[in-house]
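To keep things clear, I will list the structure first and then write my remarks on it.
We count ligands from 1, going down the list as the structure has it; atoms in each ligand are counted the same way.
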Amino acid sequence: ETVEPVKLVVGVYHNPPKLRAADDGSPSGMLGDLLVEIARREGWVLQAVSCDWAYCLDFLQAGIIDLLPDVAFTEQRSRDLAFHQTPALYSWSQFYSRSGVPVHELADLAGMRIAVLADSVQYEFLQQQFHQHQVEVELLLTDSIAEGFALVYAGSAQLVAANHYFGQQQAKQYQLQQSQFLFQPTQLFYATLPNQHQQILQRIDAYLVEWQQQPDSPYYQILQRWSGTQVETNRLARSYWTLLAISGVLLLIFGGGALVFRWQVAEKTRHLQASEDRLNTILNSVDAYIYIKDMQLCYRYVNKKVAELFKSQIPDVTGHNDYAYFDHATAKKLQYHDRQILEQGIREVREEENTISDGGVTRTFLSVKLPLRKPNGEIYALCGISTDITEHKQQQEAIHQLAFYDALTQLPNRRLLLDRLQHAFDLFQRQQQQGALLFMDLDHFKDLNDTLGHAVGDELLIEVAQRLQGCVRKCDTLARLGGDEFVLLLQELPGSVERACQRVQVIAEKVLQCLHEPFLLQQHVHQISASIGIAMLSDGDDCDELMKRADMAMYDAKSRGRNRLRFFNQSMQVEVTQRTTLTNRLRQGLERKEFFLHFQPQFDERDQVLGAEVLLRWHHPEHGNYPPAEFIPVAETTGLILPLGRWVLEKSCQQLAEWAHDPEKQHWQLAVNISPRQLHDGHFVDEVQDILQQTGAPASQLMLEITESQLLEDIDEAVSQITRLAAMGISFALDDFGTGYSSLQYLKNLPLQQLKIDASFVRDILDDSSDKAIIKTILALGDSLELDVIAEGVETHEQYRTLYHMGCRQFQGYLLGQPGPVEDLPA
Ligand SMILES: Nc1nc2c(ncn2[C@@H]2O[C@@H]3COP(=O)(O)O[C@H]4[C@@H](O)[C@H](n5cnc6c(=O)[nH]c(N)nc65)O[C@@H]4COP(=O)(O)O[C@H]3[C@H]2O)c(=O)[nH]1
């Protein structure tokens, strides 16, 4: 079944270059060709009917033709005809005359013979204007536009009014010139009778919408073919048209002469005054700043909004330039750009930040500016339309701020950081421009936050952000990822990795130092520290990996005792992987009961056993024995030390309970190592009490070994726990004594029983005089504080003798007894 093609009878009148008949009678010209192209695509069959304009319009209304191109939209026509939505062309009208007929204003037309197309929009408009302003003219109605041009050429009329498309192309041929009197901007459409060809109009509309958005579409190709000049894209054409609509109106009011603004109409006719009033009402009620500046950039016209902005009256602004109203920098900038427009004859859209001199308020404007030209093309003024977009910009900025900045510290957030990092990374890959990523975490921030409250925590974070910002350069990015995690992206570092690393180290140390300075928070001085992990841009293959690596390095710094910096490197990566494996094995080991205890005896100076130190041992079925120095730190960071430590305590207490029944051993003490995690775990005291109760071990025989460094973490908390345990009869030994920062203050405050000289001092006691001096001091300290002092790691007789002569009376070490099963302890 074949579908009948759509047949359309099209009216064609002579209005080149917009519309004309081709040699074979078919529609041609801009709108004709466009229709032919659309019909070709749609499969419509066009049948052209050649007619003069007024007849064409009649034919359309009578239903003789289906479609008429090039119909200007008017209110009245919209009642009788149907139009599509998107204008096919934008047009306006001008007068054309033989040389020497000046038209500056409506009143200049009085007494003239003016040719105009019958039934045209120009005719309607002019007739109405002349009538309204009581300007007497003789209108000669023509059947075609060309006829009007011919009348002027022949001297039968002084002027012809026509659309500028026709005028631009045809005026020369008739030796006519265009006047600067622009009027009546119109939008041109294809028209049909209402409700008859709805679908046709819809299809035409669809093509117009699509093609007007594509600069290389058939639409622009056709327009260009017929206009012979470069056609701007539709958006520009439309704004140009809009501006012309306004500036045309301005010209209508002000006339065109050497100065557009010589406003004499008021004196000439009171009707024109009325017209001015009406137009001014329009111009003054638009939400835009409209102005005209002359070649010296003095204002010649401003609307009410401009006058209000300048806190002045409209007439007072005339003759002044921007220096009178804006601050110096703004005026200079405005004049610079305005001059370019006048000199180069360009139209410009620009965002301007203008500061009003009175009050110094800065506002943002979107300004469209274009030069105004005389008929000979000479530029004589600049027309500008500016819209205040300050609020819009502020909203945009607020949204930007929310999306890319941290609300608490106003530092860039993760999203912005990642963006900058990507940029830095690209630069590094292209130009080997080194950079570094520093992950910073405040040590024990959580404790501060929990104890002092979130308000103080927030205050600290804000101050930290400010301090950090003081340590970095403009080209660096300091971001906050949340919590107490800050990231610093350093860019533009010196070429070689070594030099770059050195520089980064210096910066990171500076950061550590500046964070270590005391903070004053709510009248209290707080001291904090931070741990920094560093990855160089050369350390990873992408941003994700770099972030992870800097993070890893930061954790490494933390686990090495905080307040320090660590660089990421490959060996660290290996370490991290091993650590994960070890964690999994530890967990399994606990379940599979792979742990056991060794006991290393401790002696007095008469070789009598005082007891033993309990040492944890782990035998893995496949990997053999793991040294405690390797797995204990991992157990500590993962928290596995808590169940592990509990198990050690239980076993030790069971042993003590057993010895309690043995008269030879009931005086033996067991020294059990306690990890910092255990001591700072809130349940530790209760746990020890439970274990003592359950096992029946005498508390007096249990000694807990703590290290100096673990005390330092939170001295007040530690003292309170230790005091509570000591009250239960448990004694305490301070392990590794001498390696940390000893503070007499806490030594006095703690219920200690024993100081343990670290094995490292004992090892070098024979060769290193400073180690000897330290041991002496520890012994003297023990003496004065009435504490026992035990030397650990005694391996040789010489060491033993030297220690003895120095006054040491308790010993532990391979010389006297290796760690081993409980059965191996000497009786
Ligand atoms: N070179 C030398 N070394 C000697 C000598 N005498 C003893 N040692 C070793 O020195 C370490 C003494 O333990 P530590 O200083 O408390 O140091 C301990 C302790 O800090 C930790 N640790 C061991 N067991 C536990 C435990 O149950 N809990 C906790 N939290 N830590 C433990 O592991 C560390 C290492 O333990 P171990 O490898 O068993 O190493 C033990 C012991 O075997 C000697 O004459 N020469």
Check: What part of Gln812, side chain from CB on, backbone N/CA/C/O, both or neither, has a heavy atom under 4.0 Å from ligand 1?
Finding: neither
Check: Would you say atom 17 (O) of ligand 1 touches the protein, meaning some protein heavy atom is under 4.0 Å from it?
Finding: no
Next item on the list: Can you sort out which atoms of ligand 1 are near Glu792, meaning under 4.0 Å from one of its heavy atoms?
Entry: 12 (C), 15 (O)
Check: Can Arg566 and Asp556 be counted as an ion pair, charged N to O under 4.0 angstrom?
Finding: yes
Check: Are the side chains of Asp604 and Arg809 in touch, meaning some heavy atoms are under 4.5 Å apart?
Finding: no
Next item on the list: State the atoms of ligand 1, each with its element, that fall below the 4.0 Å cut-off from a heavy-atom position in Val648.
Entry: 27 (O)
Notebook entry, point to check: Tell me: protein heavy atom nearest atom 25 (C) of ligand 1, and distance?
Noted result: Ile632 CD1, 3.5 Å
Next item on the list: Classify the angle between the aromatic ring planes of Trp618 and His620 as parallel (below 30°), tilted (30 to 60°) or perpendicular (above 60°).
Entry: perpendicular
Next item on the list: Just need the protein heavy atom nearest to atom 20 (O) of ligand 1, so name the residue and atom and give the distance.
Entry: Asn673 OD1, 4.2 Å
Margin query: Pairing donors with acceptors under 3.5 angstrom, does anything connect the side chains of Tyr626 and Arg585?
Written below: yes
Check: Between Glu591 and Arg587, is there a side-chain N and carboxylate O pair less than 4.0 Å apart?
Finding: no
Check: Among side-chain atoms of Glu650 and Thr695, is any donor-acceptor pair under 3.5 angstrom?
Finding: no
Note to self: If the contact criterion is a heavy-atom separation under 4.0 Å, does Arg617 count as touching ligand 1?
What the structure shows: yes
Check: What do you reckon, does Ala759 put a non-hydrogen atom under 4.0 Å from ligand 1?
Finding: no
Check: Out of Gln799, Glu613, Glu636, who gets a non-hydrogen atom closest to atom 13 (O) of ligand 1?
Finding: Glu613
Notebook entry, point to check: Are the charged groups of Asp450 and Lys446 less than 4.0 angstrom apart, N to O?
Noted result: yes
Margin query: Quick test: of every protein heavy atom, which one is nearest to atom 37 (P) of ligand 1, and how far off is it to 0.1 Å?
Written below: Pro628 CG, 3.8 Å
Check: Considering only heavy atoms of Pro819, which atoms of ligand 1 have at least one such atom less than 4.0 Å away?
Finding: 43 (O)
Margin query: Tell me the protein heavy atom at minimum distance from atom 11 (C) of ligand 1, and give that distance in Å.
Written below: Leu615 CD2, 4.6 Å
Margin query: I'd like to know whether Ser529 forms a side chain to side chain donor-acceptor pair (under 3.5 Å) with Asp443, so could you lay out the CA-CA distance, the side-chain angles of the two residues, the decisive distance to 0.1 Å, and finally the verdict.
Written below: CA-CA 6 Å; Ser529 62; Asp443 298 331; 2.6 Å; yes
Checklist line | Nearest protein heavy atom with distance in Å, relative to atom 24 (N) of ligand 1 | finding: Leu616 N, 3.1 Å
Notebook entry, point to check: Which residue holds the protein heavy atom closest to atom 45 (O) of ligand 1, what is that atom called, and what is the gap in Å?
Noted result: Tyr814 N, 2.8 Å
Item checked: Face-on cation placement of Arg617 at Phe595 ring, 6.0 Å and 45° thresholds -> no
Notebook entry, point to check: Considering only the protein, which heavy-atom contact is closest to atom 6 (N) of ligand 1, and what is its distance?
Noted result: Gln600 NE2, 2.8 Å
Next item on the list: Heavy-atom contacts with Gly813 under 4.0 Å: which atoms of ligand 1 show up? List them by number with element.
Entry: 6 (N), 45 (O)
Checklist line | Heavy-atom nearest neighbour in the protein, as seen from atom 46 (N) of ligand 1, with distance rounded to 0.1 Å | finding: Glu795 OE2, 2.5 Å
Margin query: On the six-membered ring of Phe519, is Arg467 placed so that its NZ or CZ lies under 6.0 angstrom from the centre and within 45° of the ring axis?
Written below: yes
Next item on the list: Report, in ascending order of atom number, the atoms of ligand 1 lying under 4.0 Å from any heavy atom of Ser675.
Entry: 30 (N)
Check: Can you name the side-chain contact (heavy atoms from CB on, under 4.5 Å) partners of Arg503, sequence neighbours left out?
Finding: Arg473, Leu493, Pro494, Ile507
Next item on the list: Verify the contact flag for atom 2 (C) of ligand 1, where contact means a protein heavy atom under 4.0 Å away.
Entry: yes
Note to self: Enumerate the salt bridge (Lys or Arg N to Asp or Glu O under 4.0 Å) contacts for residues 782-805, please, sequence neighbours excluded, ordered by first and then second residue.
What the structure shows: Lys756-Glu792
Notebook entry, point to check: Quick one: does ligand 1 sit under 4.0 Å from the side chain of Asp735, the backbone, both or neither, non-hydrogen atoms only?
Noted result: side chain
